[in-house]
A.B. asks: 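One structure follows; several queries about it will come next.
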Amino acid sequence: MFRDDLLAGHKILVTGGGTGLGRSMSEQFMRLGAEVVIWGRRGSVLDEAAAEMREATGGACTTMAVDIRNAGAIDEAMEAIFTQQPLTGLVNNAAGNFISRTEDLSANAFNAIASIVAHGTFNTTVAAGKRWIEGGHKGSILSIVTTWIWTGGPFTVPSAMSKAGIAAMTQSLAVEWGPKGIRANAIAPGPFPTKGAWDRLMPEPAMAKLGGGSSLGAGSIPLRRMGEHRELANLAAFLMSDGCDYLTGAVIPIDGGQYLSSGGNFHALTNLDDGDWGMIRATIQASNAADRAKRTT
Ligand code: HXC
């Protein structure tokens, strides 16, 4: 679809670049000639992903274990990157999410999501942006949001609020930083299955009760299938390329038409009862605990 050297000369940071969609985008950027830096919380996961992506693409990738909930760590890591050579692009991909009835969420549960998605994305963006501005460099920001920035996100309120904030940030910075040569765009994906998201958004008890035929499944999508990672990676590569230097302030859905037909959110979960929610919470918390254990080993 693209020339092999589409992103030659680019240096792109992808947060959450060691797994899921972040990894798929990173690999595509490397294949197209960009030098990629990936951030994530687990150094061993990043190193393994980088080695596999180098092997697959012959491209360049460096890793930095950075938790974007920590503003100080972000600034320190960004300084180290820019001291070597300024970034040309930033992809705000790292996220956290789980389904829950909103009345069951504690302040801590809200923070668990918002500290990554809203605060982490803001702090990473400013850490890159202020260095672009200081150095007089051009830059391109791409943020991954979701279609529920337009529809609302029942049962995912902290994520919906945070992602809607990122969409507002995208449009705001396109104007504020446009005169400084910085572009800001966002992609709003529909369902692109990844382990991180599916463990927490489609846990077994919900799928067992509602099944794939509900608004959770491919049947709710006009194109009748889930997204493939390469399709999102292609859109991301296009947006990061020099060929669309005039494109800024856009939030582009890539969801097979889902949000126009069924809202693309979790409204089907209104059919669950107390027992279902108990099982769902236990399943999600077991996934969270397993991931925390991996991070500490
Ligand atoms: C209610 C819950 C809960 C649940 C956790 N909590 N799970 N409350 N229902 N199911 C509460 C806990 O009780 C606790 O509050 C607080 O939330 C923190 O819980 P932890 O289990 O300690 O969570 P923690 O491990 O800190 O972080 C959770 C996480 C993490 C942020 C979700 O697992 C993570 O970083 N995940 C990354 C991967 C991921 O989530 N990917 C999905 C991205 S999908 P109390 O008050 O008890 O202390 C996405 C959009 C996709 O972003 C769109 C697709 C269409």
Side-chain angles (χ1 to χ4, degrees), residues 1-3 5-17 21-22 24-39 68 74-75 77-79 81-82 84-95 117-147 149-150 162-189 231-255:
M1 179 166 176
F2 297 120
R3 285 168 41 164
D5 64 349
L6 183 78
L7 297 176
H10 287 250
K11 180 177 176 184
I12 302 171
L13 168 62
V14 181
T15 64
L21 288 173
S24 299
M25 287 186 281
S26 299
E27 187 164 328
Q28 176 68 319
F29 297 157
M30 289 166 71
R31 190 169 285 116
L32 297 170
E35 179 189 342
V36 173
V37 182
I38 55 175
W39 284 5
I68 65 163
I74 290 172
D75 208 58
M78 199 66 83
E79 182 61 25
I81 291 173
F82 273 73
Q84 250 186 6
Q85 191 202 340
L87 292 173
T88 60
L90 163 66
V91 179
N92 289 312
N93 166 75
V117 185
H119 297 236
T121 299
F122 174 81
N123 289 328
T124 307
T125 301
V126 172
K130 71 181 183 189
R131 289 176 170 85
W132 281 326
I133 293 166
E134 275 162 18
H137 305 294
K138 281 171 58 174
S140 174
I141 302 159
L142 173 61
S143 299
I144 306 302
V145 294
T146 78
T147 57
I149 62 162
W150 295 301
S162 300
K163 295 277 193 185
I166 298 175
M169 180 190 82
T170 298
Q171 292 176 315
S172 307
L173 291 181
V175 175
E176 187 179 331
W177 288 355
K180 301 175 195 303
I182 299 170
R183 297 190 295 127
N185 293 293
I187 295 177
E231 294 171 317
L232 187 137
N234 282 339
L235 178 55
F238 167 74
L239 289 170
M240 298 312 281
S241 73
D242 300 325
C244 64
D245 246 358
Y246 200 52
L247 204 168
T248 194
V251 184
I252 303 173
I254 177 166
D255 71 341

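This one's a predicted model, so the numbers in the text were calculated from it and none came from an experiment. FYI, the numbering just counts along the sequence from 1.
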A.B. asks: Shortest non-hydrogen contact from P189 to I144?
C.D. replies: CG-CG2, 3.7 Å

A.B. asks: Do the side chain of S241 and the main chain of L6 share a donor and acceptor less than 3.5 angstrom apart?
C.D. replies: no

A.B. asks: Just how far is it from atom NZ of K11 to atom CD of Q84, taken to the nearest 0.5 Å?
C.D. replies: 5.0 Å

A.B. asks: Check the pair E134 / K130 against salt bridge (Lys or Arg N to Asp or Glu O under 4.0 Å), numbers first and verdict last.
C.D. replies: CA-CA 6 Å; E134 275 162 18; K130 71 181 183 189; over 6 Å; no

A.B. asks: Is the closest side-chain heavy-atom distance between N185 and I252 below 4.5 Å?
C.D. replies: no

A.B. asks: If you round to the nearest 0.5 Å, how far is OG1 of T15 from CD1 of I68?
C.D. replies: 5.0 Å

A.B. asks: Okay, side chain of T248, backbone of A184: is any donor-acceptor separation there less than 3.5 Å?
C.D. replies: yes

A.B. asks: To the nearest 0.5 Å, what is the distance between OG1 (T125) and CE (M78)?
C.D. replies: 8.0 Å

A.B. asks: If every non-hydrogen atom of L239 is compared with every non-hydrogen atom of S140, which pair is closest and at what distance?
C.D. replies: O-OG, 4.0 Å

A.B. asks: Do M240 and V91 have side chains that get closer than 4.5 Å, going by heavy atoms?
C.D. replies: yes

A.B. asks: So, the side chain of R131 versus the backbone of L87: is there a donor-acceptor pair under 3.5 Å, distance only?
C.D. replies: no

A.B. asks: Does a sphere of radius 6.0 Å around CZ in F2 hold more than 12 heavy atoms from other residues, nucleotides or ligands, not counting ones at 6.0 Å or beyond?
C.D. replies: yes

A.B. asks: Which atoms form the tightest heavy-atom contact between L247 and F238, and what is the distance?
C.D. replies: CD1-CE2, 3.9 Å

A.B. asks: A side-chain contact here means heavy atoms from C-beta on lying under 4.5 Å apart; do V117 and I166 qualify?
C.D. replies: yes

A.B. asks: Go through the steps to decide whether N93 and L21 satisfy the test side chain to side chain contact (heavy atoms under 4.5 Å, CB included), and finish with yes or no.
C.D. replies: CA-CA 8 Å; N93 166 75; L21 288 173; 4.1 Å; yes

A.B. asks: Do I182 and I133 come close enough that some side-chain heavy atom pair is under 4.5 Å?
C.D. replies: yes

A.B. asks: Just verifying a value: how many Å separate Q28 CD and L235 CG, rounded to the nearest 0.5 Å?
C.D. replies: 11.0 Å

A.B. asks: To the nearest 0.5 Å, what is the distance between CG on L13 and OG on S26?
C.D. replies: 9.0 Å

A.B. asks: Please name the pair of heavy atoms, one in A188 and one in T147, separated by the smallest distance, quoted to 0.1 Å.
C.D. replies: O-CG2, 3.6 Å

A.B. asks: Can you see which heavy atom on D75 is nearest to which on A127, and at what distance?
C.D. replies: OD1-CB, 3.9 Å

A.B. asks: Let me confirm one number: the CD1-CG distance from I141 to N92, rounded to the nearest 0.5 Å.
C.D. replies: 7.5 Å

A.B. asks: Shortest non-hydrogen contact from W39 to A77?
C.D. replies: CZ2-CB, 3.5 Å

A.B. asks: Taking side chain as C-beta onward, heavy atoms only, is M25 less than 4.5 Å from I12?
C.D. replies: no

A.B. asks: Side chains of D242 and H10, heavy atoms from C-beta outward: is any pair under 4.5 Å?
C.D. replies: yes

